[in-house]
Engineer: 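Next up is a structure, given as structure tokens.
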There are 2 protein chains.
Amino acid sequence: MTKESFNTYSYLLDRTNRRIKQFAQKKFKEESFDITVDQWLVLKSLNQENDQNQSELAEQIGKDNPTLTRIIDLLCKKELVERRQLPSDRRCFTIHLTDKGKQKMEEWAPKVAEIRMKAWENLTEKDYEDLKRILNTIYQSLEI
Amino acid sequence: MTKESFNTYSYLLDRTNRRIKQFAQKKFKEESFDITVDQWLVLKSLNQENDQNQSELAEQIGKDNPTLTRIIDLLCKKELVERRQLPSDRRCFTIHLTDKGKQKMEEWAPKVAEIRMKAWENLTEKDYEDLKRILNTIYQSLEI
DNA sequence: TAACAATAATTAGTACAACAAATATATAAG
DNA sequence: CTTATATATTTGTTGTACTAATTATTGTTA
């Protein structure tokens with residue numbers, strides 16, 4: 001195959017990625033979930049393991065530290081999480097999912113799972129496995 | 001398969017998409033291409049068909065109009081493109097790839113093709129076809 | 001212990017994304 | 001012709017991404 005014929009994957013990936021976010025965001029709005037899709041990722045990670053510090057959390061959700069700082073700022077304002085000083089290392093904060101945050105998660109999680117499923121209604125389990133494998137292979141090939 | 005097992009694709013897609021951009025942007029920097037990846041998309045589209053108006057161009061590269069307006073602003077500053085008033089419809093500009101822009105494209109295009117190929121070095125042609133099919137299916141399933 | 005390096009988080013600056021609203025112009029309907 | 005509607009683009013706002021620089025703290029080593 002020629003090089004030129006490979007030239008559209010980044011476009012397809014980018015626009016599909018954007019549409020997935022748009023779709024989820026639109027549903028969030030319809031359901032009056034007052035968060036963005038990226039904020040959701042943070043809450044979900046904390047719901048699985050609470051009180052991570054920011055670096056761990058950034059690693060978990062694959063965002064960099066400055067971006068995470070701002071997402072945490074926004075979630076703090078909404079009182080869904082709070083920063084807690086770690087006495088043993090005063091450089092760190094642990095991010096704590098509050099009771100309000102936990103309550104919202106219980107309310108939102110099943111609906112988010114529904115929303116996420118929509119993308120797969122015309123695809124098979126094998127497609128899902130293939131997509132994961134292909135994306136991970138690309139990710140590793142472009143190690144930076 | 002349970003709903004829960006489908007819950008990571010958006011994360012994988014997002015991080016792979018980000019890495020593809022990061023990788024290309026890093027190479028652009030190394031080669032002293034003084035543009036961003038998104039600006040490249042615009043130039044590439046104009047190189048294939050010059051003098052599109054902004055709406056056509058936005059459609060071509062899958063971005064919305066406000067985003068494109070700002071990308072065009074930046075490309076104008078670099079004198080790679082220029083806005084030309086269309087006398088027949090004074091609402092429109094056609095975006096013209098300048099001589100300087102064309103010259104840069106000749107210089108850059110082969111190297112960008114190389115950079116783009118890197119993602120596929122551990123994958124097959126069938127993987128490429130599968131990825132395209134899966135992404136397009138998702139895109140269409142989430143019609144908004 | 002003092003100097004140096006490493007780590008956690010933040011801040012600042014620029015770019016892009018999404019959305020809503022505004023402006024200007026063109027076209028259609030009455 | 002006038003009103004209404006549609007189209008092309010821009011502007012404003014909020015949120016995310018990346019880089020580099022900064023602050024505060026901790027760890028290492030001479």
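Numbered from 1 within each chain, the chains take letters A, B, ... in sequence-line order. Side-chain atoms are counted along with the backbone in the values below, which use heavy atoms only and exclude waters and symmetry mates.
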Engineer: Given D:dA17, D:dT25, C:dA15, which nucleotide is nearest the side-chain atoms of A:Asp64?
Structural biologist: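 Among the listed nucleotides, the one closest to the side chain of A:Asp64 is D:dA17.
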Engineer: Would you mind checking if B:Asp130 and B:Lys126 are paired as a salt bridge, meaning a charged N to carboxylate O distance below 4.0 Å?
Structural biologist: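 Yes, charged N to carboxylate O under 4.0 Å.
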Engineer: Does B:Thr69 reach the main-chain N or O of B:Asn65 with its side chain, forming a donor-acceptor pair under 3.5 Å?
Structural biologist: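 Yes, the answer is positive, given that a donor and an acceptor are paired below the 3.5 Å cut-off.
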Engineer: Quick one: A:Leu41 CG to D:dT16 C1', roughly how many Å, whole number?
Structural biologist: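 In whole Å, D:dT16 C1' and A:Leu41 CG are 12 Å from each other.
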Engineer: Could you check whether A:Lys26 pairs with A:Glu30 (Lys NZ or Arg NE/NH1/NH2 to Asp/Glu carboxylate O, under 4.0 Å)?
Structural biologist: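 Counted as a salt bridge, because a side-chain N and a carboxylate O are separated by less than 4.0 Å.
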Engineer: Which heavy-atom pair separates B:Glu59 from A:Tyr11 by the least distance, and what is that distance?
Structural biologist: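 Distance-wise, the nearest heavy atoms are O-OH, 4.5 Å.
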Engineer: Have B:Asn122 and A:Ser141 got a donor and an acceptor in their side chains that come within less than 3.5 Å?
Structural biologist: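 On atom types as modelled, these side chains qualify, holding a pair under 3.5 Å.
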Engineer: With a 4.0 Å cut-off, would you call B:Lys104 and B:Asp34 a salt bridge?
Structural biologist: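 Salt bridge absent between B:Lys104 and B:Asp34.
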Engineer: Is it true that A:Arg15 and B:Asn136 share a donor-acceptor pair across their side chains at a distance under 3.5 Å?
Structural biologist: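 Note: B:Asn136 and A:Arg15 side chains meet the donor-acceptor criterion.
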Engineer: Mind grabbing the angle between the end helix axes of the helix from C:dT1-D:dA30 to C:dG30-D:dC1? Five pairs an end, 10° rounding.
Structural biologist: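 Inter-axis angle at the termini of the helix from C:dT1-D:dA30 to C:dG30-D:dC1: 0°.
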Engineer: On the nucleotide D:dA17, are OP1 or OP2 found under 4.0 Å from the side-chain N or O atoms that B:Lys26 carries?
Structural biologist: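 For D:dA17, OP1/OP2 do not have a side-chain N/O of B:Lys26 under 4.0 Å.
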Engineer: Check B:Asp14 with B:Arg18, please: is the shortest side-chain N to carboxylate O separation under 4.0 Å?
Structural biologist: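 The answer is yes: the pair qualifies as a salt bridge.
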Engineer: Does B:Asp127 pair with B:Lys132 as a salt bridge, N-O distance under 4.0 Å?
Structural biologist: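 Salt bridge absent between B:Asp127 and B:Lys132.
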Engineer: Applying a 4.0 Å non-hydrogen cut-off, can you work out what B:Gln39 is touching in the nucleic acid: base, sugar-phosphate, or nothing?
Structural biologist: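 Since only primed, P, OP1 and OP2 atoms lie under 4.0 Å of B:Gln39, the category is sugar-phosphate.
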Engineer: Kindly state which residues belonging to residues 14-25 of chain B come within less than 4.0 angstrom of DNA chain C, counting heavy atoms of the residue only, listed by number.
Structural biologist: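 The stretch gives B:Lys21 as the residues lying under 4.0 Å from the strand, ordered by number.
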Engineer: Select from A:Lys29 and B:Lys63 the residue whose nearest nucleotide in DNA chain C is closer to the 5' end of that strand.
Structural biologist: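 Per heavy-atom nearest nucleotide, the more 5' residue is B:Lys63.
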Engineer: Do the side chains of A:Glu143 and B:Arg19 get close enough for a salt bridge, i.e. N-O under 4.0 angstrom?
Structural biologist: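 Salt bridge flag = yes for B:Arg19 with A:Glu143.
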Engineer: Rounding to a whole Å, what distance do you find between A:Ile61:CD1 and D:dA17:C1'?
Structural biologist: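 Atom CD1 in A:Ile61 sits about 12 Å away from atom C1' in D:dA17.
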Engineer: Going by an N to O cut-off under 4.0 Å, is there a salt bridge joining A:Arg83 and A:Asp73?
Structural biologist: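 Yes, A:Arg83 and A:Asp73 are salt-bridged.
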Engineer: Using a 4.0 Å cut-off on protein heavy atoms (strictly under), produce a 5'-to-3' string for nucleotides 5-12 of chain D with B for base contact, S for backbone-only sugar-phosphate contact, and - for none.
Structural biologist: -BBSBBBB
Engineer: Which residue, B:Ser88 or B:Ile71, contacts DNA chain C at a nucleotide closer to its 5' end, judged by nearest heavy atom?
Structural biologist: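 Mapping each residue to its closest nucleotide by heavy atoms, the 5'-most match is B:Ile71.
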